Novice: 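Structure below; questions to follow.
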2 protein chains.
Amino acid sequence: MTVTLADVAKACGLSPSTVSRALSDPGRVSAQTRDKVARVAREMGYTPNRVARSLSMGRTGTIGLIVPDVANPFFPPIIKAVQARAARKDLVVVLADTDERAADELDRARVLSKQVDGLIMVSPRSPEPRIAEIGRLGPTVFVNRRVPEHPSVLIDNADGMRQAVEHLVALGHRHIGYLAGPRRSWSNQQRHAAITEACAQLGAELVTFGPFEPQVQAGVQAADLLQGSPATAVIAYDDLIALGVMARMSERGLSVGRDLSVMGIDDSPLSGMAYPTLTSIHVPGAEAGATAVDLLLDVLDGLHGEPPPPLVELETYLVVRSSTGPAPRR
Amino acid sequence: MTVTLADVAKACGLSPSTVSRALSDPGRVSAQTRDKVARVAREMGYTPNRVARSLSMGRTGTIGLIVPDVANPFFPPIIKAVQARAARKDLVVVLADTDERAADELDRARVLSKQVDGLIMVSPRSPEPRIAEIGRLGPTVFVNRRVPEHPSVLIDNADGMRQAVEHLVALGHRHIGYLAGPRRSWSNQQRHAAITEACAQLGAELVTFGPFEPQVQAGVQAADLLQGSPATAVIAYDDLIALGVMARMSERGLSVGRDLSVMGIDDSPLSGMAYPTLTSIHVPGAEAGATAVDLLLDVLDGLHGEPPPPLVELETYLVVRSSTGPAPRR
DNA sequence: CTGAAAGCGCTTACAG
DNA sequence: CTGAAAGCGCTTACAG
């Protein structure tokens, strides 16, 4: 019922080989053949069977994308970017969401790796050894995690963090709180380190709370922990936690930006939606996604030469909105 | 380099046929054979090539999922649910995001349809005829859109809408605004119709504004249009628009819930994150996603009999939070 | 430029 | 219960 290469060949009075060439590498057949095949194929409504092609070519035209949580607003822009970039390169993307369960990552990666040309692991939560195992499944690029011997797209938190602390210090804040993310998060470690350094350099006192899950609810909880603290400003591991803090403060009748300055990280679409709007550190998720696709393609195409795995580092910067303001007088 | 069925067969001293059976239908071989094959396969690290299997079986074990916008918080829960349900059934899901461009839907569907067993189209924006064409590409289930001759998962807006209007009327609101979604949105039509009916029955005056894009920014714009209106409460096409309205009102120094009651639709995770928290009509996105997978599987498995295409209708209900309150005295 | 042949790695009637 | 054979629909050296 569905028309195959052989059907087209028969209709043209040509061999399947020739039809195949006419369609995929028109330069290698006569102009006459090319035109005829093109016409007949169109008339018959022929569309190549990608599965068959995959089998004989050893390439599926598919890449796998694994993220911790589609519902966390940090990831959708990445997913969109990967998807868009892949589509432009005629690739299709299969998606898996691990629901923030680190233990599921390897499993999902195993399944996907069998039907894709390569994998993009975004913010993987697995411990070191398991990450290495994932890397061995096939061509893999990591986003937001440095993995030895593998191409990775990293976020350089240093600049953004420094700008953030500078901003707060300039506003008169001397005691800054950091609401830590989960321990399994690689970027939490990076962020904590960067902020610690920035505070040391700029003469601010740092107090750390947490760890907290990257969810609004955790921020609500964090807000209450802040009560006895001298911190007049807090930087949250991500925007979700920051939003939770804001919501809770408002609920308690406190003014965010006056009584307490709150800053998020990610600059997710949410930041502009909150009220007051959330000052946040921009993390270029979309660029990271697109870059990851490019890197993966490089690996797939250049399977021969083994150049040192590329490591792209993307920059962060502060976006000031309304949730941060002058330190309150004491 | 990668071990195949044939390798395992040779190592076992059996034919590939037998090894294939031992692995996929153990009941059809001797216990001894079964055990041996299982052991050897494991030892050799054999994993079946899914592409080859797909080609010979005519099933890819993959389903396609097309959504308008991954970044719209209404869709992630659906995506997660589809993904989770599919994973449990040993299916992998390939995702496409059309960026709210109705014109891209058919194209993306065409590409995907060639490498999946079936398609799930969520809230498709294409006009009628093009939707029909998509339906002809292969087994397809539609979510949030009624398509003749095709299984669909629909959202029954009537209950939720009625509850919403009842709630507002009970609070003393007599003039209600509806901030319409885009014309291409099927559910916008449904919602508009349902709210119109509810208002008529409950004796409230309805004023419609829009259409607006499902984005926060559009809500900001809508808030200003409300200025001269007698409406003391508004129901927005979706939570994003509602949030925009809220943000803008707060910016203008007005109190949401007092000066103006605002209600969203979708009850997306966002609703609980806003301040004040957003009263919204719950739309069971996750259930819809899971149901869609089940329906699709039914179609795929029962290709023989042609029972009338199932049409599942999911209910909506009101979730009262803090953005709605008594009508202000005039 | 074109064709016959082999191969990609599995599955599945058909015999035995 | 097991095997030989054909087939899924394409691609690609190898000849000519």
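Chain letters run A, B, ... following the sequence lines, proteins first and then strands; every chain starts at 1. As the structure is a prediction and not an experimental result, all values here were calculated from the model. Values below: every heavy atom of this structure, side chains too, minus hydrogens, waters and symmetry copies.
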Novice: Taking only the side-chain nitrogens and oxygens of A:Thr33, find out if one of them lies under 4.0 Å from OP1 or OP2 of C:dT2.
Specialist: yes
Novice: Provide, to the nearest angstrom, the distance between the CG atom belonging to A:Leu5 and the P atom belonging to D:dG7.
Specialist: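 Those two atoms, CG and P, are 17 Å apart.
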Novice: Could you tell me whether B:Arg59 atom CZ has more than 12 heavy atoms of other residues or ligands within 6.0 Å of it?
Specialist: yes
Novice: To the side chain of A:Ser15, which of C:dA4, D:dG3, D:dC10 is closest?
Specialist: C:dA4
Novice: In this structure, how many angstroms lie between the P atom of D:dT12 and the CZ atom of A:Arg53, rounded?
Specialist: 9 Å
Novice: For a quick test of reading the model: is some side-chain N or O of B:Ser20 closer than 4.0 Å to OP1 or OP2 of C:dT11?
Specialist: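 So the side-chain polar atoms of B:Ser20 do come within 4.0 Å of the phosphate oxygens OP1 or OP2 of C:dT11, strictly under.
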Novice: Ignoring hydrogens and angles, are the base of D:dG3 and the side chain of B:Arg21 linked by a donor-acceptor pair under 3.5 Å?
Specialist: yes
Novice: Using modelled atom types and a 3.5 Å cut-off, is there a donor and acceptor pairing between side-chain atoms of A:Ser152 and backbone atoms of A:Leu154?
Specialist: no
Novice: Taking OP1 and OP2 of C:dT2, is either one under 4.0 Å from a side-chain nitrogen or oxygen of A:Ser30?
Specialist: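 For C:dT2, OP1/OP2 do have a side-chain N/O of A:Ser30 under 4.0 Å.
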Novice: Would you call A:Arg125-A:Glu105 a salt bridge at under 4.0 Å N-O?
Specialist: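 Looking at A:Glu105 together with A:Arg125, the answer is no, because their closest N to O distance does not fall below 4.0 Å.
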Novice: So does A:Thr18 get a side-chain nitrogen or oxygen closer than 4.0 Å to the phosphate oxygens (OP1/OP2) of C:dC1?
Specialist: no
Novice: Apply the test side-chain contact (heavy atoms from CB on, under 4.5 Å) to residues A:Arg145 and A:Ile131: give CA-CA distance (whole Å), side-chain angles for both, the deciding distance (0.1 Å), then the verdict.
Specialist: CA-CA 10 Å; A:Arg145 175 124 174 197; A:Ile131 287 285; 3.5 Å; yes
Novice: Choosing from C:dG3, D:dC10, D:dT2, which nucleotide comes nearest the side chain of A:Leu14?
Specialist: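 Ranking C:dG3, D:dC10, D:dT2 by closest atom to the A:Leu14 side chain puts C:dG3 first.
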Novice: Base, sugar-phosphate, or nothing: which does A:Arg28 touch, judged by heavy atoms less than 4.0 Å apart?
Specialist: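 Base contact - A:Arg28 has a heavy atom under 4.0 Å of at least one base atom.
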Novice: For A:Leu23 and D:dT12, give me the distance from atom CG to atom P, rounded to whole Å.
Specialist: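 Going from CG in A:Leu23 over to P in D:dT12 covers 13 Å.
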